[in-house]
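Excluded from the calculations below are hydrogen atoms, water molecules and symmetry mates; all remaining heavy atoms, backbone and side chain alike, are included. All chains are named by letter (A, B, ...) in the order of the sequence lines, taking the proteins before the strands, and each is independently numbered beginning at 1. Not measured: the values here are computed from a predicted model.
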Number of protein chains: 2
Amino acid sequence: MAIPRAAKTLRRTRIQEEKEEQILEAALDVFSVSGFRGSTIDQIAEVAGMSKPNLLYYFRTKEAMHRALIDRVLYNWLEPLRAFDAEGNPESEIRSYIRRKLEMARDFPRESRLFANEMLQGAPHVLDMLKGPLKELVDEKAAVIRTWIKSGKITYCDPYHLIFSIWSTTQHYADFDVQVRAVLGEEHSGDGRFEDAARFLEQLFIGGLRPDRSGR
Amino acid sequence: MAIPRAAKTLRRTRIQEEKEEQILEAALDVFSVSGFRGSTIDQIAEVAGMSKPNLLYYFRTKEAMHRALIDRVLYNWLEPLRAFDAEGNPESEIRSYIRRKLEMARDFPRESRLFANEMLQGAPHVLDMLKGPLKELVDEKAAVIRTWIKSGKITYCDPYHLIFSIWSTTQHYADFDVQVRAVLGEEHSGDGRFEDAARFLEQLFIGGLRPDRSGR
DNA sequence: GGATAATTTGACCGATTGGTAAACATTACA
DNA sequence: TGTAATGTTTACCAATCGGTCAAATTATCC
């Protein structure tokens, strides 16, 4: 007789690791496109290549699957912001933050869309995380940026909106990929657009944040 | 006996105008949060305050409702970009484009989210419009920006990525509203954040695009 | 190799989905 | 005011939804 599913959390077999991995991979495919409400367990089961009851053996509900997926993806997603360092000089820190975020948009677009979907729906599953850990992390980095401003290394500006604008410009290339490709045309739909975007954004932010050159 | 619905398009009664308006308003509420797949006709009917069959009397399918909604919203959505003018000087044109887009994010967040949802899902209903009319409009405005660059009014940059970055930074305040509020905290969740954002973004773009001050 | 635990499946359930049919009610207009 | 066109509702349909169950299969370990 199968053991109650709670026991799974005590010891995990090889098969469990593999299947859960497979399922979350498929779930990312589906949830990132259709959002939570728009996705079905059958869809995910099909992408994962297994039967629906089999999938439900590993995750008891659609909710549980979604939560596991978000938990798993969240840590890496915030990594670039955590790496944002007060010690480095502003120009190179901002430059590499932009680079890192653009790389994530290029290499992990599904993860970006998963969060975007969540945001559009009002963040029903991650609101606490936004108000707690994320806010704290951003507050911390905003303080760093303020020290840069006070020491005259970058021009005066609102650090929160600076962070928002880096998030939005970079994630745009994942979340609105289809629009970007449509506007740029087939011929610019290779990965080259990420290099072009990096060049533009670095120029924009470095130029836009340079300390006042003519008195303000 | 009720006339076949095709006849409705010939002459529209007062009731038709009112009810269709009511329905599309409710549809905007629902589709903008849950996307096409995640929304149900019952939900929309409830928000619209009418029965499902009644709603289906005006729009035969969920698809038809969604299409009508998109058609209706699209024209206004592109208005700010159309207003982007080659004659004005770059600084004030960019400034007012940012203002207009931010005002739309503030005043029409549902419309913004409707499109964002559509993009995340790969633009199944508007791909042709993106590749056609939108691309042409952007190409046209990109050409304007290039003349500004050639005449030395703004610094050299990729006009497409410039447009993308204005889109993304401004729409962010509608699409990721819940995140913005969470990070800024309750006390900054009044409409003041749009003024702060406007100030920051104007500074960023005007500063970032100012012709080279030190030789390149 | 056999017992036992872990995994997989097909058949199924009640609720919800998008949508229809036809009776009924209301409006517009001669 | 009568009547034909328009609008609304109730009852319903087949398909799909999230999820269960028990039986069948496979892996594990002595």
#### Entry: Atom-to-atom span, CD of A:E46 to C1' of D:dC17 - whole angstrom
15 Å
### Query
Can you check whether A:Q16 has a side-chain N or O nearer than 4.0 Å to OP1 or OP2 of C:dT7?
yes
#### Entry: A:Y58 OH to D:dG19 P, straight-line distance once rounded to whole Å
18 Å
### Query
D:dT20 P sits how many Å from A:F59 CZ, rounded?
15 Å
### Query
Are A:D139 and A:Y160 linked by a side-chain donor-acceptor pair shorter than 3.5 Å?
yes
Where do N or O atoms of nucleotides 11-18 of chain C meet protein N or O atoms at under 3.5 Å, pair by pair?
| unit_1 | atom_1 | unit_2 | atom_2 | d |
| --- | --- | --- | --- | --- |
| C:dG18 | OP1 | B:S39 | O | 3.2 |
| C:dG18 | OP1 | B:K62 | NZ | 3.1 |
| C:dG18 | OP2 | B:I41 | N | 2.9 |
| C:dG18 | N7 | B:K52 | NZ | 3.0 |

### Task
Could you state the atom-to-atom distance from CE of A:M50 to P of C:dG10 in whole Å?
14 Å
### Query
So does B:R181 pair up with B:E186, basic N to acidic O under 4.0 Å?
no
### Query
In terms of ring plane angle, is the pair B:F31 and B:H66 parallel, tilted or perpendicular, where the classes change at 30° and 60°?
perpendicular
### Query
According to the interplanar angle, ranging from 0 to 90°, do the rings of B:H161 and A:Y173 count as parallel (below 30°), tilted (30 to 60°) or perpendicular (above 60°)?
tilted
#### Entry: Nearest-Å distance for atom pair OH/C1', residues A:Y57 and D:dA24
14 Å
### For atom NE2 of A:H66 and atom C1' of D:dG18, their distance in whole Å
16 Å
### Query
Any donor and acceptor pair, going by atom type alone, linking the side chain of A:R99 with main-chain N or O of A:A198 inside 3.5 Å?
no
### Task
Nearest whole angstrom, please: distance from the C1' of C:dT7 to the CD1 of A:I23.
12 Å
### Message
Please tell me if A:S51 has a side-chain N or O lying less than 4.0 Å from either OP1 or OP2 of C:dT9.
### Response
yes
### Task
Please report, rounded to the nearest Å, how far the C1' atom of C:dT20 is from the CG atom of B:N54.
14 Å
### Query
Between A:E79 and A:K101, does at least one N-O distance fall below 4.0 Å, as a salt bridge requires?
no
